[in-house]
Amino acid sequence: MRFESTPAIVLRTREYGESDKIVTVLSRAAGKFSGIAKGAKRSQRRFPGTLEIFSHVTLDYKRRPHSELAFLERAVLLQPWPRLLNTLERFTAASHVVELADKMSVESEVGDDLYRIVAATLARLNAAEPGPATLRLFELAALHASGYRPELVVCRGCTRPLAADRGPVRLVGGLGGALCSQCRAREEGGMLLSNEALDCLGTLQVAVARAGLGNGHDGDGGHDAHDGHGPWAVEGAVAARLSARAAREVALALDLLLAPHLRGRLRSLELLGPVLNDPVSGGNGLR
Ligand SMILES: [Zn+2]
């Protein structure tokens with residue numbers, strides 16, 4: 001049987017027996033899948049240190065008819081991101097990225113948008129320390145990529161534009177969007193969102209859409225998402241005008257929107273608060 005080949009990012013690995021590894025990857029060609037790398041701990045030729053978390057590799061593999069685990073033949077480094085391990089801040093942010101991608105995706109569900117977003121975000125984190133909007137852009141892009149683009153422009157109840165609303169709107173995770181100040185009494189769940197936080201989310205969403213992340217094509221310029229033309233271009237401007245209170249609202253809002261689509265609790269949340277001073281510390285109970 002012939003091997004297939006795809007670019008892939010290692011999401012997690014575990015040792016298996018004396019010399020094997022079981023590896024879960026997010027790939028461009030085949031979505032998320034797991035495979036066994038026989039002799040991975042011994043073979044520098046087939047796996048030269050390339051089966052570690054965050055590794056961006058070209059993976060040769062083949063499916064096995066009666067096994068959920070693919071057979072991994074070789075992994076060659078495609079793009080090194082050495083600085084992800086340099087600081088606790090970058091490592092923590094990158095860990096959140098791969099864990100969120102893992103828990104949002106189902107094995108063998110094919111689609112390359114999530115792969116592209118994870119690759120772009122890890123490249124961004126390798127290039128510079130994470131800022132206050134870095135992970136929010138990733139989280140929103142991951143929602144877009146998975147087909148859960150939130151409705152932040154018009155009311156989910158009456159379809160009036162939310163931007164024209166004077167009062168806070170109610171964001172409801174199960175609705176994938178917000179209810180205006182007239183409609184918000186219909187629901188008790190979710191959270192109230194200030195105009196400032198709603199405006200910030202709108203800016204981030206426009207940046208994600210412009211970069212072509214999460215809508216299946218390459219956006220307006222065809223640039224890589226991490227070369228300064230991607231959604232990261234708005235990071236500085238957003239961070240500069242965002243109050244601490246609105247930053248916290250935006251973080252909680254993304255928590256709320258992501259929650260219905262995650263399988264299992266995000267362990268990375270416990271570190272985001274202490275390490276990155278991220279408003280989401282995992283203790284808010286929203287997940
Ligand atoms: Zn309404």
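Scope of the values below: all heavy atoms of this structure, side chains included, with no hydrogens, waters or symmetry mates. Atoms within each ligand, like the ligands themselves, are counted from 1 in listed order.
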Going by side chain to side chain contact (heavy atoms under 4.5 Å, CB included), name the residues that satisfy it together with Arg156, two or more places apart in sequence or in a different chain.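 Arg156 satisfies side chain to side chain contact (heavy atoms under 4.5 Å, CB included) with Glu151, Leu175, Leu179 once adjacent residues are dropped.
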Which one of Arg28, His56, Gln79 satisfies the side-chain contact (heavy atoms from CB on, under 4.5 Å) criterion with Ile9?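 It is His56; the other options fail the test.
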May I ask you to determine how many protein N/O/S atoms are under 2.8 Å from the Zn ion (ligand 1)?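 For the Zn ion (ligand 1), protein nitrogen, oxygen or sulfur atoms under 2.8 Å: 4.
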Show every salt bridge (charged side-chain N to carboxylate O under 4.0 Å, His left out) that has at least one partner inside residues 67-91, sequence neighbours left out.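 Only Arg90-Glu129 qualify under salt bridge (charged side-chain N to carboxylate O under 4.0 Å, His left out).
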On the six-membered ring of Phe47, is Arg42 placed so that its NZ or CZ lies under 6.0 angstrom from the centre and within 45° of the ring axis?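 Output no; distance or angle outside limits.
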Each residue besides Leu69 in its hydrophobic cluster should be listed here, by chain and number; the cluster joins Ile, Leu, Val, Met, Phe, Trp and Tyr at side-chain heavy-atom distances under 4.5 Å.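 Members alongside Leu69: Tyr16, Ile22, Ile36.
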Taking atom types as modelled, is there a side-chain donor on Thr203 or Arg241 under 3.5 Å from an acceptor on the other?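 The criterion, which ignores hydrogens and geometry beyond distance, is satisfied for Arg241 and Thr203.
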